[in-house]
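Structure first, commentary second.
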Amino acid sequence: MARLVARIKVLPADADINIDSIIEGLKKSVPQGMELKGHAKEPIAFGLNAVVGDFMLDDAEGQMDKLEEAVRGVKGVGEIEVMNISRASVKMK
């Protein structure tokens, strides 16, 4: 089965939330068979940062919905934006 990489931008619910705690929550909450392959902090404005994560998942029905639900369930997560989804063999920019 093909593997996908989903790049998701995660915005904190509040300016006082520690981004590192969101990153740790993402690592722990990813459903079985998926993984947080990499992440980066992205400045938004006035010292506020977002997390951009690359998640590996199977190319199967319902997998993206499970991943989005898990990410939204992490404590401190406000909004999420799916930036890109591609096959794991493709380089994303």
Side-chain angles (χ1 to χ4, degrees):
M1 179 176 295
R3 296 283 286 170
L4 300 177
V5 177
R7 180 163 287 169
I8 300 176
K9 181 186 284 189
V10 180
L11 302 169
D14 192 350
D16 298 332
I17 293 175
N18 183 350
I19 289 294
D20 293 326
S21 67
I22 291 177
I23 293 169
E24 288 305 312
L26 290 172
K27 290 177 183 177
K28 293 176 184 173
S29 71
V30 176
Q32 187 171 352
M34 300 179 197
E35 66 177 301
L36 177 61
K37 196 68 173 170
H39 65 276
K41 294 178 187 177
E42 181 178 281
I44 300 171
F46 307 110
L48 187 63
N49 291 303
V51 176
V52 177
D54 289 341
F55 296 86
M56 298 286 296
L57 63 151
D58 288 330
D59 185 8
E61 186 174 336
Q63 292 296 300
M64 194 62 203
D65 292 333
K66 284 183 188 177
L67 177 59
E68 287 183 40
E69 185 178 314
V71 171
R72 283 191 176 95
V74 173
K75 184 178 179 183
V77 170
E79 299 284 326
I80 71 167
E81 174 190 349
V82 177
M83 299 172 67
N84 194 353
I85 301 173
S86 69
R87 297 237 173 189
S89 61
V90 176
K91 281 261 192 202
M92 290 192 298
K93 294 182 180 181

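Predicted model only: the values in this text are computed from it and were never measured.
For the pair Ile22 and Gly76, the tightest heavy-atom approach, listed with the atom from each and the gap, is CD1-O, 3.6 Å. Across all their heavy atoms, Ile44 and Asn49 have their closest contact at CD1-C, 3.8 Å. Nearest heavy atoms, Ala50 versus Pro12: CA-CD, 4.4 Å. Considering all non-hydrogen atoms of both residues, Ala6 and Leu67 come closest at CB-CD2, 4.2 Å. Of all non-hydrogen atoms in Ala70 and Ser29, the two that sit nearest each other are CB-O, 3.5 Å.
For the side-chain contact (heavy atoms from CB on, under 4.5 Å) criterion with Val51, the lone passing option out of Ile23, Leu11, Ile80 is Ile23.
Salt-bridge annotation for Asp59 and Arg3: absent, with no side-chain N of the basic residue lying under 4.0 Å from a carboxylate O of the acidic one. Salt bridge absent: Glu69 and Arg72 never bring a charged side-chain N and a carboxylate O closer than 4.0 Å.
One distance of note links CD1 of Ile19 with CG of Leu48; it measures 6.5 Å at 0.5 Å rounding. Going from atom CD of Glu61 over to atom NZ of Lys66 covers 10.5 Å, rounded to the nearest 0.5 Å. Note that CG of Asn18 and CD of Glu24 are 10.0 Å apart. Values are rounded to the nearest 0.5 Å. Going from atom CG of Leu4 over to atom CG of Asp58 covers 8.0 Å, rounded to the nearest 0.5 Å. A distance of 4.5 Å separates CD in Glu68 from CE in Met64, rounded to the nearest 0.5 Å.
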Worksheet item: Please walk me through it: do Lys37 and Asp54 pass salt bridge (charged side-chain N to carboxylate O under 4.0 Å, His left out)?
Response: CA-CA 5 Å; Lys37 196 68 173 170; Asp54 289 341; over 6 Å; no
Worksheet item: Please walk me through it: do Met56 and Met34 pass side-chain contact (heavy atoms from CB on, under 4.5 Å)?
Response: CA-CA 5 Å; Met56 298 286 296; Met34 300 179 197; over 6 Å; no
Discussion item. Using side-chain contact (heavy atoms from CB on, under 4.5 Å), reason through Val71 and Val10 one step at a time and then give a plain yes or no.
Written reply: CA-CA 8 Å; Val71 171; Val10 180; 3.8 Å; yes
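Met83 and Leu26 are assigned to two separate hydrophobic clusters, defined by single-linkage of ILVMFWY side chains at heavy-atom distances under 4.5 Å.
Side-chain contact between Phe55 and Val30: present, with at least one pair of heavy atoms (C-beta onward) separated by less than 4.5 Å.
Summarising the local packing, CD of Glu35 is surrounded by more than 12 heavy atoms from other residues, nucleotides or ligands at distances under 6.0 Å.
Applying the side-chain hydrogen bond (donor to acceptor under 3.5 Å, both in side chains) rule to Lys9 yields the partners Glu42; only residues at least two apart in sequence or on another chain are considered.
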